[in-house]
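Here's the structure, in structure tokens; my notes come after.
Only this structure's heavy atoms are used, side chains among them; waters, hydrogens and symmetry mates stay out. Each chain gets a letter, A, B and so on, in the order the sequences are listed, and its residues count up from 1.
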Amino acid sequence: MSEPVDAAATTGEIPRFRYGAALANELEARWQDRWEADGTYRAPNPSGPLSEGFDADRPKLFIMDMFPYPSGDGLHVGHVLGYVGTDVYARYKRMAGYSVLHAVGYDAFGLPAEQFAIQTGQHPRVTTERNIATYRSQLRGLGMGHDDRRSISTIDPQYYRWTQWIFLQIFGSWYDAEAGRARPIAELVAELDAGTRTITTPEHPDGEPWADLDDVSRRRAVDAQRLVYLDEAPVNWCPGLGTVLANEEVTAEGRSERGNFPVYKRALRQWKMRITAYNERLVADLDLIDWPERVKTLQRNWIGRSEGARIRFPIASDPALGIDVFTTRPDTLFGATYMVLAPEHPLVDELVAATWPPETPTAWRGAGLAGAGADGWTSPVEAVAGYRRYAGSRSDVERQVETRTKTGVATGATAINPATGEPVPVFIADYVLMGYGTGAIMAVPAHDTRDFEFARAFGLPITPVVAPTEGWLTGHGLDDSDVDDATSWPEAFTGSGQAIGSANDEVVLDGLDTDDAKSGITTWLEQVGAGEGTTSWKLRDWLFSRQRYWGEPFPIVFDEHDLPLAVPESELPVVLPEIDDYAPVVKGDDDDSVPEPPLGRATAWREVEMDLGEGPRTYRRELNTMPNWAGSCWYYLRYLDPTNEDALVDPEVERHWMQGSTTEAAPAFGGVDLYVGGVEHAVLHLLYARFWHKVLFDLGHVSTPEPFQRLYNQGTVVATVFRDERGFPVPAGEVVEADDGTTTWQGEPVTRELGRMGKSLKNGVTPDEVYAAYGADTLRLYEMAMGPLDADRPWNAQDIVGVHRLLQRVWRNLVDEDTGQPRVDDAPAGDDLRRVLHRTIAGVAADYEGLRFNTAIAKITELNNTLTKSVGADGRTPREVAEAMVLLLAPLAPHIGEELWARLGHTGTVVWEPFPEADPDLLVDELVEIPVQVGGKVRTRIKVDADADAATIEALALADEKVVAAIGDAAIKRVVVVPGRLVNIVT
RNA sequence: GUCGGAGUGGCGGAAUAGGCAGACGCGCCAGCUUGAGGGGCUGGUGCCCGCAAGGGCGUGGGGGUUCAAGUCCCCCCUCCGACACCA
């Protein structure tokens with residue numbers, strides 16, 4: 001941090017009322033107190049306890065930041081970028097006549113808070129609440145215009161009561177696929193009782209025999225339909241954190257997002273949310289919302305819709321058995337020359353052969369793999385077991401680093417290609433994933449890169465069934481003779497083309513292009529019952545339970561059948577019990593024991609007596625807690641009605657704030673009008689929140705299908721990272737830079753690079769440091785001036801002085817630095833100054849509207865520079881200009897805005913003052929200077945009347961002596977005149 | 001590898017709808033103020049040639065469309081981000 005600009009203030013050599021850090025700090029504290037005392041930023045609800053001052057004529061606007069996770073380190077200047085952006089916009093919109101709801105809450109449950117508490121040996125509630133207090137004070141110091149009555153915290157039992165209530169809504173629902181929406185589970189039970197609906201399961205494909213089921217079986221059947229359900233399935237188990245994790249919390253390297261611990265797949269009984277029921281709608285409704293295209297793309301990719309077909313390959317030895325595969329290229333079915341199952345596919349054990357078929361190559365038997373003999377394993381059963389061990393021992397990192405060499409073993413089984421009738425061998429290989437499609441593929445080596453590699457490695461036939469294009473052939477040094485002979489191909493042809501070699505007695509694809517071949521084969525498959533067109537998705541159900549202490553308890557108990565039951569609403573909240581040891585049970589990497597949630601230590605709490613309709617009985621509580629995402633899935637709704645004890649949110653209040661945006665041109669069907677946050681939440685928080693919102697919408701608790709109408713991603717602040725010779729970051733604030741530019745820390749040389757600001761890179765700058773050196777308004781202005789809000793930007797302490805000087809110069813033009821008295825008079829502004837003013841008003845308003853705060857600041861600076869020249873050192877500023885200037889600046893720098901407004905003689909706050917309006921007549925000059933080009937090069941500029949016509953301008957241009965000189969002897973071929981813009985003379 | 005985003009002075013960045021490239025700020029240079037430093041004020045500052053007048057070049061590179069291209073089209077390079085054996 002550089003020295004304060006007015007370091008000499010203490011020497012008394014500068015004017016008493018010069019705008020510097022001391023003056024800024026004094027007036028900022030004063031105005032923050034006044035705003036708080038006056039409740040300046042309170043946004044009235046249409047009804048209920050927060051309705052005082054409601055004005056039905058004011059259009060509404062709901063503006064939100066992604067709420068902070070209060071860490072022990074406090075805020076740094078990178079965190080506040082988005083907060084300042086929304087605050088400036090909210091302030092502008094208030095002045096433009098809107099009733100703006102802007103509040104902030106705290107996302108305070110979760111792993112980091114718990115880790116911090118464990119490290120410091122304090123209860124997470126103590127550390128979390130202290131962190132929240134720090135954040136509150138830092139944000140207050142920034143001059144945020146938040147409605148303080150609406151600040152919520154996810155750890156408040158009065159808040160998580162409703163998180164639990166929403167959980168119960170989801171638990172009490174099922175997805176009616178025909179209706180395409182969630183419905184109360186009671187309606188399902190009623191339909192089952194009435195016999196108008198049946199539940200189909202893999203065991204009962206024709207429907208559960210409901211009437212014959214006993215109560216427990218019926219409950220099991222119904223529980224399996226709920227939108228949140230218990231499932232015993234492979235999950236991401238992270239021994240280092242002592243908990244399971246959602247897919248979204250595991251990195252591509254197979255490690256935990258938090259803490260970077262290894263993650264293993266383990267079958268555990270866990271709660272899952274049926275987000276996959278909303279696949280289609282989560283994709284389709286992206287078209288309704290005004291979000292950055294890149295975030296929509298990320299969500300689409302994550303949900304991963306792909307169209308294709310499911311095809312059944314019968315097993316040769318037992319045609320009753322069949323392998324279902326999913327493919328996006330059913331048109332290549334005739335080229336399927338082998339099959340691959342994921343190693344853990346349940347069918348493997350059923351179809352594996354007892355002995356190797358004659359002449360099975362040793363490579364197929366696993367020769368060369370760790371654990372196999374020189375000729376491979378001795379039987380298919382051995383090979384399957386051996387390969388599973390081998391694949392399991394390969395970490396995800398290894399699988400990546402080893403350039404994806406294809407490995408696998410044969411199962412000794414043979415399936416029948418339904419199109420050709422030919423037998424095809426069945427393999428297992430870890431390049432086929434159990435988690436996608438059906439966990440099995442038909443391999444078409446001629447037209448799939450991975451299958452091609454596998455086929456080459458295992459000596460399998462490669463049969464072309466799509467003719468490669470000319471370009472592809474020549475690009476690979478091939479010609480027409482190679483079209484149907486893949487032996488010379490260097491790689492698979494994966495593009496579209498004409499089908500070849502694809503005909504049997506019933507269907508002929510030959511000559512069709514890929515799209516037609518796909519539909520042709522699919523129709524045939526459906527006719528003969530060998531398959532069907534279908535859609536596959538990458539998205540999995542959301543693993544929702546954690547073996548940690550610091551989270552919302554589930555409002556669930558278990559009875560003697562070990563079946564879950566909802567805690568009645570009247571019993572909410574289920575308060576997180578106090579326990580002495582809240583640390584997770586961290587396991588060794590190879591410890592297979594069942595995780596023990598810390599809540600199991602709450603011996604007095606873990607069992608409870610309740611009357612759930614069968615008289616008082618003892619139940620066992622669910623001991624897992626909810627993931628961090630639960631509280632952040634719906635907090636925007638609680639801002640609307642934070643004190644409501646009867647409902648999540650009052651319906652009238654919800655409709656008022658969430659129904660159709662009244663400002664944006666985008667199709668306005670509702671949701672938060674503007675939601676600003678980092679792009680790192682593109683799939684996690686934003687996908688989960690959309691899912692919960694849609695469930696609440698289906699159940700009638702909210703009135704819009706999407707939660708966030710407009711999303712905006714602010715950029716990240718990066719700062720110089722200094723590293724020592726070992727590559728470890730050293731505290732950036734302690735690095736010394738020599739005159740020659742070399743940098744050292746404690747005498748040792750250090751390197752420099754740019755990195756995201758934060759504690760881990762030791763390059764954080766706190767807002768408090770900047771307040772002390774320049775004041776909060778300067779920090780706000782600098783954050784906004786650095787560049788476009790959505791761009792990443794480097795923190796450069798040296799540049800802060802520029803915006804500080806702007807405030808100082810504005811102040812000096814309006815206030816006498818010696819006396820503190822206003823320097824304005826009531827004489828009208830000169831014509832030129834007034835035109836500049838009105839152009840600035842129009843430009844700044846447009847910039848605020850478009851969140852272009854950096855150019856708004858540039859325009860205000862230009863206006864002030866003009867003002868400085870026009871009034872001179874001893875002159876006075878025309879009041880109309882002075883007041884407009886203050887109003888233009890107030891959204892960006894609210895404290896100095898209030899102070900100047902008061903010094904200009906006003907008693908009320910500037911916050912609700914109408915934004916100045918530009919006079920359209922003053923936006924055009926009478927004379928404009930336009931460039932004259934000769935042959936596209938500017939040779940001179942001429943002044944013409946703004947409304948001069950083309951002929952007049954052309955005559956003036958051609959008469960100009962510099963133009964005449966530039967043209968010389970050349971003949972004029974053409975003259976292009978754009979009135980008011982330019983002239984171009986073509987020779 | 002696939003998808004997405006971005007390359008403009010020494011630096012951060014401007015540039016409605018294809019129409020004056022470099023707004024505004026930092027830094028730097030000069031001058032004024034000051035005992036000095038800091039601070040403040042005024043002016044200058046894309047690069048090259050030139051005392052100047054003036055000229056040439058210039059938005060990652062190469063081609064194209066156009067009277068006119070940072071902006072549109074094609075090819076290539078570099079950087080950043082996301083996903084990553086998804087059948």
Side-chain angles (χ1 to χ4, degrees), chain A residues 3-9 11 13-15 18 20 252 292-298 300-302 304-306 308 325-329 332 340 399-400 404-406 429-433 435-444 447-451 453-454 536-538 679-680 682-683 716 754 781-782 785-788 790-803 805-806 808-809 812 817 843 846 852 854-862 864-865 868-869 873 929-938 940-941 973-978 980-987:
Chain A
E3 287 299 306
V5 169
D6 60 342
T11 68
E13 290 176 26
I14 61 158
R18 169 162 295 169
E293 209 44 55
R294 101 187 124 140
V295 175
K296 291 188 183 184
T297 304
L298 284 170
R300 283 193 197 100
N301 290 348
W302 189 263
R305 180 195 165 99
S306 46
V325 301
F326 173 76
T327 176
T328 55
R329 292 293 302 272
T332 62
V340 186
R399 285 167 64 170
Q400 237 174 302
R404 295 192 173 148
T405 310
K406 297 289 177 291
D430 64 0
Y431 81 91
V432 173
L433 311 174
Y436 184 75
T438 63
I441 62 157
M442 64 176 206
V444 185
H447 306 294
D448 180 279
T449 309
R450 296 147 303 175
D451 297 345
E453 290 166 7
F454 190 89
S536 186
W537 305 84
K538 270 161 72 177
V679 72
E680 66 272 17
V683 283
T716 45
L754 280 182
L781 216 51
Y782 175 60
M786 280 194 278
D790 58 358
D792 293 349
R793 70 275 313 276
W795 181 263
N796 191 351
Q798 196 176 46
D799 291 347
I800 302 175
V801 70
V803 288
R805 282 203 276 252
L806 168 63
Q808 203 173 64
R809 288 167 183 166
R812 184 159 43 227
E817 288 189 320
R852 295 184 299 268
N854 54 330
T855 50
I857 292 168
K859 291 182 174 90
I860 292 171
T861 308
E862 281 186 276
N864 192 60
N865 289 347
T868 303
K869 289 189 185 98
E929 192 181 71
I930 63 171
V932 180
Q933 300 177 336
V934 177
K937 287 183 182 171
V938 178
T940 189
R941 295 166 218 282
K973 287 186 189 148
R974 187 176 165 191
V975 179
V976 179
V977 180
V978 183
R981 279 290 200 185
L982 60 43
V983 180
N984 190 10
I985 298 160
V986 187
T987 55

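Following rounding to the nearest Å, A:Ile441 (CD1) and B:rA87 (P) show an atom-to-atom distance of 11 Å. Note: CH2 (A:Trp795) to C1' (B:rC11) measures 16 Å, nearest angstrom. Distance A:Gln933 CD to B:rG18 C1': 12 Å, rounded to the nearest Å. Nucleotide B:rC24 holds its P atom 12 Å from the NZ atom of A:Lys859, rounded to whole Å. Atom pair A:Asp792:CG and B:rC80:P shows a separation of 12 Å (rounding to whole Å applied). Taking atom CG of residue A:Leu806 and atom C1' of nucleotide B:rG12, one finds them 16 Å apart after rounding to whole Å. Residue A:Arg805 contributes atom CZ, which lies 13 Å from atom P of B:rG38 at whole-angstrom precision. A straight line from CG of A:Asp448 to P of B:rU2 spans 15 Å, rounded to a whole angstrom.
Glycosidic conformation at B:rG9 (O4'-C1'-N9-C4 for purines, O4'-C1'-N1-C2 for pyrimidines): syn, within 90° of 0.
Of the residues near RNA chain B, A:Ser306 and A:Arg812, the one whose nearest nucleotide (by heavy atom distance) lies more toward the 5' end is A:Arg812. Residues A:Arg793 and A:Val986 each lie close to RNA chain B; by heavy-atom proximity, the contact nearer the 5' end of the strand is made by A:Arg793.
Residue A:Arg809 is classed as a sugar-phosphate contact, given heavy-atom separations below 4.0 Å to backbone atoms only. Among the heavy atoms of the strands lying under 4.0 Å from A:Glu929 is at least one base atom, whether or not backbone atoms are also near. Among the atoms of the strands shown, only primed sugar atoms or phosphate atoms (P, OP1, OP2) are found under 4.0 Å from some heavy atom of A:Leu298. Within 4.0 Å (heavy atoms only), A:Val976 reaches at least one base atom of the nucleic acid. Among the heavy atoms of the strands lying under 4.0 Å from A:Arg294 are primed sugar atoms or P, OP1, OP2 only; no base atom is included.
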### Task
Would you sort out whether A:Trp795 and A:Tyr782 count as a ring pair (Phe, Tyr, Trp, His ring centres under 6.0 Å), showing the intermediate values?
CA-CA 10 Å; A:Trp795 181 263; A:Tyr782 175 60; 5.0 Å; yes
### Intermediate values then yes/no, side chain to side chain contact (heavy atoms under 4.5 Å, CB included), A:Arg294 and A:Val679
CA-CA 9 Å; A:Arg294 101 187 124 140; A:Val679 72; 4.0 Å; yes
### Task
List the steps, then state whether side chain to side chain contact (heavy atoms under 4.5 Å, CB included) holds for A:Trp302 with A:Lys538.
CA-CA 7 Å; A:Trp302 189 263; A:Lys538 270 161 72 177; over 6 Å; no
### Message
A:Thr332 vs A:Met442, test: side chain to side chain contact (heavy atoms under 4.5 Å, CB included). Steps then yes/no.
### Response
CA-CA 10 Å; A:Thr332 62; A:Met442 64 176 206; 3.7 Å; yes
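Closest to the A:Pro788 side chain, of the nucleotides B:rA21, B:rA87, B:rG13, is B:rG13. You'll find that the side chain of A:Glu862 is closest to B:rC24, out of B:rA87, B:rC24, B:rU16. For A:Asn854, the listed nucleotide lying nearest its side chain is B:rG13; candidates were B:rG25, B:rA87, B:rG13. Nearest nucleotide to the A:Lys937 side chain, out of B:rG56, B:rC41, B:rG43: B:rG56. Comparing B:rC85, B:rG39, B:rA87 by their nearest atom to the side chain of A:Tyr436 picks out B:rA87. Taking the side chain of A:Leu433 as heavy atoms from C-beta on, and the options B:rC24, B:rA87, B:rC57, the nearest nucleotide is B:rA87. Candidate nucleotides B:rC3, B:rC67, B:rA14 were compared by shortest atom distance to the side chain of A:Asn301, and B:rC3 ranks first. The nucleotide whose nearest atom lies closest to any side-chain atom of A:Gln798 is, among B:rC26, B:rG19, B:rA15, B:rC26. When each of B:rG12, B:rG19, B:rC24 is scored by its nearest atom to the side-chain atoms of A:Pro794, the top-ranked nucleotide is B:rG12. Comparing B:rG25, B:rG27, B:rA87 by their nearest atom to the side chain of A:Thr861 picks out B:rG25.
With values rounded to the nearest 0.5 angstrom, A:Gln808 atom CD is found 11.5 Å from A:Asn864 atom CG. The line from CD1 of A:Ile441 to CG of A:Asp448 is 6.5 Å long, rounded to the nearest 0.5 Å.
Proximity of A:Asn984 to the phosphate of B:rU66: no side-chain N or O atom is located under 4.0 Å from OP1 or OP2.
With both pairing distances under 3.5 Å, B:rA17 is matched to nothing as a Watson-Crick or G-U wobble pair. Judged by Watson-Crick or G-U wobble contacts below 3.5 Å, the nucleotide B:rA82 has B:rU2 as its partner. The partner of B:rG43 is B:rC29, judged by Watson-Crick or G-U wobble contacts that both fall below 3.5 Å. Using the Watson-Crick or G-U wobble rule with both distances under 3.5 Å, B:rG9 pairs with nothing in any strand shown. For B:rG35, there is no paired base (Watson-Crick or G-U wobble, both distances below 3.5 Å). Under the Watson-Crick and G-U wobble criteria, each requiring two contacts below 3.5 Å, nucleotide B:rG58 is left unpaired. Pairing of B:rU65, defined by two Watson-Crick or G-U wobble distances under 3.5 Å, is not identified with any nucleotide. Across every strand in view, B:rA87 sits unpaired, with no contact that passes the Watson-Crick or G-U test at under 3.5 angstrom.
Contact between A:Phe454 and A:Ala429 at its shortest, heavy atoms only, is CE1-CB, 3.9 Å.
Distance alone, capped at 3.5 Å, places no donor-acceptor pair between the A:Arg793 side chain and the A:Met786 backbone.
A donor-acceptor contact under 3.5 Å is not formed by the side chain of A:Asp799 with the base of B:rC26. A donor-acceptor contact under 3.5 Å links the side chain of A:Lys406 to the base of B:rC85.
When the C1' atom is used for both B:rG50 and B:rC67, the distance is 32 Å, rounded to whole Å. When the P atom is used for both B:rA87 and B:rC73, the distance is 30 Å, rounded to whole Å. For B:rC79 and B:rC24, the C1' atoms lie 27 Å apart once the distance is rounded to whole Å. Here, B:rG60 and B:rC11 have their P atoms 13 Å apart, quoted to the whole Å. When the C1' atom is compared between B:rU16 and B:rG12, the two are found 23 Å apart, to the nearest whole Å. Comparing the same atom, C1', in B:rU65 and in B:rC47 gives a spacing of 29 Å after rounding to whole Å. Nucleotides B:rG22 and B:rU45 have their P atoms positioned 12 Å apart, rounded to a whole Å. When the C1' atom is compared between B:rA21 and B:rU59, the two are found 7 Å apart, to the nearest whole Å.
Contact of the A:Arg305 side chain with the A:Arg300 side chain is not registered, since no non-hydrogen atoms from C-beta on lie closer than 4.5 Å.
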